[in-house]
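Shown next, in structure tokens, is the structure this report addresses.
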Amino acid sequence: MALLNILHFPDPRLHKVAQPVARVNAFIHQLAQDMAQTMYAAPGVGLAATQVDVHLRVVVIDISTDKSQLITLINPEILWASEETKVWEEGCLSVPDIFDNVARPARVRVRALNLDNQYFELEADDLLAVCIQHEMDHLMGKVFVEHLSSLKQTRIKNKIKKQARKASLAK
């Protein structure tokens, strides 16, 4: 297994739309393992392949506190989303140290392939629903800050540029 490099906003590669996985094979198995290791090390609760510059529809999620409930979603699709919405404070491994409130459907039902190439459905609410939607946004080339006002997006971009300048001066 290997730690993968996570792209950071506003990298244009984060806006690429991921392609469906044609076949669950050894490459996809290794990708999912490496993504999970990268997510846990970051640390985070979800990671989409787009974030590691692999533009395939693969997501790993684990919202458990003991890292024991890894879910791999291959070619996920939302079958149903509740009309009821819920606001959660979201963060993202591609947008380090930035957190803001995003309103999303409170519950979703998703269908995906697992690593055994079998379709399954999962109904989720609370943090798991948020995480699924957040990661699926990445597969569509969208970062959570794009759900925010243009003023907030500009502030975030400026903060990131300032952080990058400080980091380069520190080297």
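No hydrogens, no waters, no symmetry mates; every other heavy atom, side chains included, goes into these values. Nothing here was measured: the structure is a model prediction, and the numbers come from that model.
- A distance-only check finds no donor-acceptor pair linking the side chain of S94 to the backbone of Q51 [under 3.5 Å].
- I98 is not listed as a side-chain neighbour of D100, based on a closest heavy-atom distance of 4.5 Å or more.
- The salt bridge (Lys or Arg N to Asp or Glu O under 4.0 Å) analysis of residues 38-66, with sequence neighbours excluded, yields the pairs R13-D53.
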Could you give the side-chain donor-acceptor pairs of residues 17-27 under 3.5 Å, partners two or more places apart or in another chain?
unit_1: Q19; atom_1: NE2; unit_2: V17; atom_2: O; d: 3.4
unit_1: N25; atom_1: OD1; unit_2: F27; atom_2: N; d: 3.1
unit_1: N25; atom_1: OD1; unit_2: I28; atom_2: N; d: 3.1

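- When the shell of 6.0 Å around CD of E83 is examined, it contains 12 or fewer heavy atoms from other residues, nucleotides or ligands.
- Between A49 and L139, the shortest heavy-atom distance links the atoms N-CD2, 4.5 Å.
- Counting only distance, with no hydrogens or angles, the side chain of Q37 and the backbone of A2 share a donor-acceptor pair below 3.5 Å.
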> For T50 and H55, what are the C-alpha separation, side-chain angles and deciding distance, and is it a side-chain contact (heavy atoms from CB on, under 4.5 Å)?
Replying inline: CA-CA 5 Å; T50 301; H55 302 283; 3.8 Å; yes
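- What you find for A32 and V60 is that their closest heavy atoms are O-CG1, 3.8 Å.
- The hydrophobic clustering, which links ILVMFWY residues whose side-chain heavy atoms are closer than 4.5 Å, places V59 and V52 apart.
- Within the 4.5 Å cutoff, the side chain of K86 has heavy atoms near those of the D126 side chain.
- In this structure, L3 and A41 approach most closely via the heavy-atom pair CD2-CB, 3.7 Å.
- The distance from the CG atom of L4 to the OG1 atom of T38 is 3.5 Å, given to the nearest 0.5 Å.
- Side-chain contact between F120 and L73 is present, with at least one heavy-atom pair separated by less than 4.5 Å.
- A donor-acceptor contact shorter than 3.5 Å links the side chain of Q153 to the backbone of L148.
- Two different hydrophobic clusters hold I6 and M140 under the rule that ILVMFWY side chains link at heavy-atom gaps under 4.5 Å.
- Taken to the nearest 0.5 Å, the CZ atom of R155 stands 7.5 Å off from the OG atom of S149.
- Put simply, the side chain of H15 reaches to within 4.5 Å of the side chain of E146, judged on heavy atoms.
- Taking CD of E123 as the reference point, atom CZ of R109 lies at 4.5 Å (rounded to 0.5 Å).
- L7 and I156 fall within the same hydrophobic cluster, defined by Ile, Leu, Val, Met, Phe, Trp and Tyr side-chain heavy atoms under 4.5 Å apart, directly or through other members.
- Hydrophobic clustering (ILVMFWY, side-chain heavy atoms < 4.5 Å, transitive): L56 and V143 are in distinct clusters.
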Considering only distance and modelled atom types, tabulate donor-acceptor pairs under 3.5 Å from the side chains of residues 129-137, sequence neighbours left out.
unit_1: Q133; atom_1: NE2; unit_2: P105; atom_2: O; d: 3.1
unit_1: Q133; atom_1: NE2; unit_2: A129; atom_2: O; d: 3.0
unit_1: H134; atom_1: ND1; unit_2: E90; atom_2: OE1; d: 2.7
unit_1: H134; atom_1: NE2; unit_2: H138; atom_2: NE2; d: 3.4
unit_1: E135; atom_1: OE1; unit_2: A48; atom_2: N; d: 3.1
unit_1: D137; atom_1: OD2; unit_2: R104; atom_2: NH1; d: 3.0
unit_1: D137; atom_1: OD2; unit_2: R104; atom_2: NH2; d: 3.2
unit_1: D137; atom_1: OD2; unit_2: H147; atom_2: NE2; d: 2.6

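- For the atom pair CD1 of I74 and CG of N117, the computed distance is 7.5 Å after rounding to the nearest 0.5 Å.
- Here the side chains of L122 and L128 are in contact, with some heavy-atom distance below 4.5 Å.
- When side chains are defined from C-beta on, V145 does not count as touching K152, because their heavy atoms never get closer than 4.5 Å.
- Shown here for F99 and F144, the closest heavy-atom pair between the two residues is CA-CZ, 4.5 Å.
- Note that CG of L70 is 12.0 Å distant from CD1 of I63, once rounded to the nearest 0.5 Å.
- The hydrophobic clustering, which links ILVMFWY residues whose side-chain heavy atoms are closer than 4.5 Å, places V110 and W88 together.
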>> Quick one, E84 with R107, criterion salt bridge (charged side-chain N to carboxylate O under 4.0 Å, His left out). Give me CA distance, side-chain angles, the key distance, then yes/no.
In response: CA-CA 8 Å; E84 175 194 359; R107 293 180 314 283; 2.9 Å; yes
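- Across D116 and N114, no two heavy atoms sit closer than the pair N-OD1, 2.8 Å.
- Closest approach of G44 and A42 over heavy atoms only: N-CB, 4.1 Å.
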